[in-house]
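Below: the structure, in C-alpha cells.
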Protein chains: 4
Amino acid sequence: MLVWRGMTPIRTDIQASLQTYLETHDLHAFREIEYKGVIFFRGEFHESDSCVPESYLQAQLGSWSNLTIPKRIALFVSTLSHCAIAILEEWRMRRLGGEVVCVISNHEDLRPLVEGYGVPFYYIPTANVAQSEKRQLQVLRELHVEVIVLARYMQMLSEEFVGRYTQQIINIHHSLLPAFVGAAPYEKAYERGVKLVGATAHYVTEGMDEGEIIEQQAGVVEDGGTAEHYKVLNHPIEAKVLLAALHQHLQERIFIYDGRTIRL
Amino acid sequence: MLVWRGMTPIRTDIQASLQTYLETHDLHAFREIEYKGVIFFRGEFHESDSCVPESYLQAQLGSWSNLTIPKRIALFVSTLSHCAIAILEEWRMRRLGGEVVCVISNHEDLRPLVEGYGVPFYYIPTANVAQSEKRQLQVLRELHVEVIVLARYMQMLSEEFVGRYTQQIINIHHSLLPAFVGAAPYEKAYERGVKLVGATAHYVTEGMDEGEIIEQQAGVVEDGGTAEHYKVLNHPIEAKVLLAALHQHLQERIFIYDGRTIRL
Amino acid sequence: MLVWRGMTPIRTDIQASLQTYLETHDLHAFREIEYKGVIFFRGEFHESDSCVPESYLQAQLGSWSNLTIPKRIALFVSTLSHCAIAILEEWRMRRLGGEVVCVISNHEDLRPLVEGYGVPFYYIPTANVAQSEKRQLQVLRELHVEVIVLARYMQMLSEEFVGRYTQQIINIHHSLLPAFVGAAPYEKAYERGVKLVGATAHYVTEGMDEGEIIEQQAGVVEDGGTAEHYKVLNHPIEAKVLLAALHQHLQERIFIYDGRTIRL
Amino acid sequence: MLVWRGMTPIRTDIQASLQTYLETHDLHAFREIEYKGVIFFRGEFHESDSCVPESYLQAQLGSWSNLTIPKRIALFVSTLSHCAIAILEEWRMRRLGGEVVCVISNHEDLRPLVEGYGVPFYYIPTANVAQSEKRQLQVLRELHVEVIVLARYMQMLSEEFVGRYTQQIINIHHSLLPAFVGAAPYEKAYERGVKLVGATAHYVTEGMDEGEIIEQQAGVVEDGGTAEHYKVLNHPIEAKVLLAALHQHLQERIFIYDGRTIRL
C-alpha cells in the first residue's frame, strides 16, 4: 500500500493533487480533517508496477511512502515482559508491518524469552547513563533502527538521545494521562479511588509523560478492588495500547500538531 | 433484601456478628475488604417474616437496612435530557430500586418529557441563588427526599445546601476525573488530544469536582474525531455512569473513607 | 455532505469517475472494499453551491445523495420504551440525521412519553392484521415515510407489507444472531448458559430473523447472573444497537449483497 | 484462601454449616444462587494456622479445597502461539494460581518460545491417534497433571481420553457458540456478515464444541472488515477468553449443571 499524507491550510490544493495521482494509481481510501484552520489528509493507494513515481516523491504537498517496506524497530525493555511479548507475537504472526531488529535491556531477565523469538538481545547496563546511551546509540545506528519502542523500559532517556530520534520514540505510561503523571501511577490511582485504570502510549519528548498522546484504553476496576488488582488489570491494557500505537505509527496515520496528535 | 454493612479494624468482630445473624437469617452474599488497616464489610440476607429484628438495628457493629423500602429521589436538571431520561426509564421499568419523586429545573425545557413519565416537574429559576435554594429545600423537605441526583444540572450548590445532604448528592462530571476539572472538559480534552472520553459520578462536596468518585466509564475516540465527536460520544457514557452510580448508592454498596469510595 | 456510492467489478471505472467529480467537488472521505470479486465504494464530498449537478445524478456508476436532506422515519413500538426513547432522544438532540415523523403502536402505553417529544402517536390495534396493516400503510404514505424502525414491535409484518418497503425496514432482535432465532431468546440464552448477551439489528425480510445483519453488540454476563439479569443487561444494548444501525442506514453506509451487509 | 462450595436444594443446610465454620475461620466472601430449585454456593475463608480441619474435609455438604496449593496444568498446542503465550505469561508473572508443568504439541514450531519460559516441551506427532494419545496420557500421568488446556490444539481427542479427564479439559473455540460450531468459524462468520467476532472457552465433552460454556468475549468488526480482519481481531480475544476461563476453573468458581455452567 502507498500512503500519501500531509497538511495544508488550502483544501483545493489537496484535491488538485489527488486528481493528478488518480491518473496512475487507484485510490483505496482517503480522509481529511480540519483542525484549527489546517487540513490534515491521508490517502491510501494500491501499488502499481511503477510503484511511486519520482514526480510524486518530489510532491510539494505532503509526502509519499510505501508501507510494504517494513520499518526497523528496536524494543527497549527492563524486567517486565508483557508489552514486549505483545509486539514480538504480532511480529512473529507477520501482522506488525515492521521488523523487530533488536531488544535492548538493562537487565538479563528477558533474554531467554526474546531469543525464543529469534531476536538479538543486547544487555546494556545503565549504571552510567552517558556510557550506556553511547552504546545504545551505536547499536541503533548499526542496525539502522527507525522506530524505538519503550516497552516498560522504566528509565529516562537524555535530551540528547531524544533529540536524535524526534517523533520516533514511543513510550507506554501506565495511567490515563494527563492524570497521574510520573512515578507510581497505580498507587496514585488507587489512593484517589478512580474506578478506571488505563494506559497511554505517547511520543517521547523532553518533558516527562508530556509527549503527544497516540493511544489510550481503559479498564473497569471491580468493586472491592485492591491496589494489586489495579496493576493486574492494567498490564494487558498496557500491552494492547502500546501495540495499537505502534501499528498506527507504522501505518503513517499520526500527525503531530500543536501539542497533540491527529490520527487519520 | 436486607443489607448489613460497616467498617471496623477488627475482623473477628465481624465474624462473631455474622454468626449471630445466621441464627435467624439466611446469608445471600458477603464480602469484606481491607483498606489501610480498616476492614469494610457488606452482607446481603434474605428477608424473613420477622424482617430486621430490633436487636439487629441496635447492632454496635455496622448498620442494617431494608432494600425493599425504596429511597426517595429528586433529579436536578437544566436543559440536557440524556442523564435524567436514563434514570426515568430505569424507574419506569421498575428496576431502579428507588422512587423518583420530583424533577427540579431552572429551565422549562424538559417539562413535557418529565411529565410524560408522570413525575412532578418544579420550575425554580436560579437568578437569585439564595431564594432558589430556599425554594428547592422546601420541595425536598415536603417530598421527604433522601437522594439528590444532579443530572447535568450545571449549577453550583451552596456550602450550606451541600451540608444538609452530606453523602446524599450525586453529580455527573463529563470528564475522567482527576483530569479536566471544572468548566469545558470536552474542549480541554480535545485540545490535549486524549484518545478517550469519559464521565465521572461523584458525591458532591464543597470543592468543585473533588468529591469521592463513585463510578467512571470511558469511550474510545475514533481517528479523525472532532470536538463535536467528543461530546456526542460522551453523552451516553454520562447517562450510563450516573445511573450505575445511583444503583450502587441505592444498594448501599458505597463506603466513603479517606477521600475515596470503597464499593462492595 | 454529498455521498456517492455503488458497486462494480471494475476498479478503474471508479477511479475515472472520482477524477471527474474532483473537478467540481472536494473529497472528504473515500473507501472501497472488494468482496467476492465486486468492489464496493463510498465517497463523501463537501457540498458546494452547485450541490449535486444533474450530470452526476445520471451517473452510470453508483448513485448520489444529499445527506443534509433528512429521511422521514416511522417508529413501530409495542409496550417497551427503551429502543424508541433512544431514537427520540437522538432526534431531539438533532444528531439523528433523520426526521421522526410518527410513532405507531398496537398499545397506548407509550403515548405520553412519545407525545412528550412532540411526535404524533398513532394507536393501531393489531387484532385483525389485514386491517391494521392497511391503516399503517395509509399513515406511512400520508407522512411520506422512507424508513421504518421496528423498535421492539414484537409483531410479524406480512410479506406484502415487507415487499413494499424492501431494505427500508430495520428490526432489533434481542440475541446475537444467528444464535437464538425466534421467540424467547433471553430464556434460550440463559438455558444454554452463554456468557454474553447481545442484540442484532437487521433488515426485515420474509424469513424470521434472517435478514441481513447491520449491527451487533454484546454485553458480559456476570458470574451468578439470573435469567432476569440477562434481560436487564440486554435492554440498553438493544437500544444502542438499533440506534447505531439506523445511523448507518441514514448515512448510506450499508450495501446488501449475497445475504449479508457490507458497511463502508 | 480456602474455598468451600457445593450445591443443595435446601438453603438452611448451607446456613447451618456456615455458622459452624465461622467458629474457626474468618469468612472473606460468600455467594449463593438458585437455579432450577438447586442452590449453588461458594465461600472463601482466610487461612488460619490450622488450615482446613479434618472435620471440614468430611463435610457432608459441599467440599473444601485450598487455593494456595497450585493445580498442575498441561497445555496442548499446535502451531499457533497466542493462547499458550497468554497463559505462560500469566504463569511467569505468578498470577495464574496454577503450575504449567508441560506443553505438548504435534508440531515443533513453538518449542523455542515455550523453552524460553523454562517449561518442558513434548513433541508428540499425531499421525497415529491411538499411539499419540497413549504417549500423551503417559506424560500427563508422570507429571501428575490435573488440568488440560487445549490452547488452539486443533485436534479431536478420543472419547476414552476425554473420559479420563472429565471436567478437567478446557478448549477454546474461535466463535461465539452456539453460533458457528465446528470447522472454519471465521469463514462462516464472515459469510453470514455478523458484526461481532468472539471466542468461547468450554469444557471438552464427547460432542464437538458442545461442552459447557465457561467464558465468552466478543469484539466489534469494523466497517469494511475483510475475512482476514475477523481472524486478526479474534486472536487476542481467544487468548483473553481462555485465560479467564482457566482462572475461574483454578479458583473453583465453576459448577456444571444441566448442560451449562454456573459461575460464582
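So you know, we letter chains A, B, ... as the sequences are listed, proteins then strands, and number each from 1. No hydrogens, no waters, no symmetry mates; every other heavy atom, side chains included, goes into these values.
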Turns out that what part of C:I33 lies under 4.5 Å from chain D's heavy atoms comes down to side chain

By side-chain contact (heavy atoms from CB on, under 4.5 Å), C:A84 pairs with (sequence neighbours left out) C:L75, C:V77, C:A151

Side chains of D:K195 and C:T261: donor-acceptor distance under 3.5 Å anywhere? yes

Turns out that what part of C:I214 lies under 4.5 Å from chain D's heavy atoms comes down to backbone

Smallest heavy-atom separation, D:V221 atom then C:R263 atom, equals O-NH2, 3.1 Å

Contact list (residues 237-250 of chain D to chain C, heavy-atom gap under 4.5 Å, by number) returns D:Q248

C:E34 side chain near D:T226 side chain, heavy-atom distance below 4.5 Å: no

In terms of heavy-atom pairs under 4.5 Å with chain D, the winner among C:G198, C:A227, C:G259, C:G193 is C:G193

Taken to the nearest 0.5 Å, the spacing of C:L196 CG from D:I213 CD1 works out to 9.0 Å

Counting heavy-atom pairs under 4.5 angstrom with chain C, the leader among D:K36, D:E212, D:R253 is D:K36

Scored by heavy-atom pairs under 4.5 Å with chain C, the best of D:E215, D:E222, D:Q217, D:E191 is D:E191

Listed by number, the residues in residues 162-178 of chain D that come under 4.5 Å of chain C (heavy atom to heavy atom) are D:L176, D:L177, D:P178

- prompt: Is a side-chain donor or acceptor of C:R260 paired with a backbone partner of D:Y190 at a separation under 3.5 angstrom?
  reply: yes

Pair C:E210-D:R192, salt bridge (charged side-chain N to carboxylate O under 4.0 Å, His left out): steps then yes or no: CA-CA 10 Å; C:E210 287 178 359; D:R192 182 67 178 87; over 6 Å; no

Less than 4.5 Å apart, any side-chain heavy atom of C:R31 and any of D:D223? yes

Under a 4.5 Å heavy-atom criterion, the part of residues 181-189 of chain D in contact with chain C comprises none

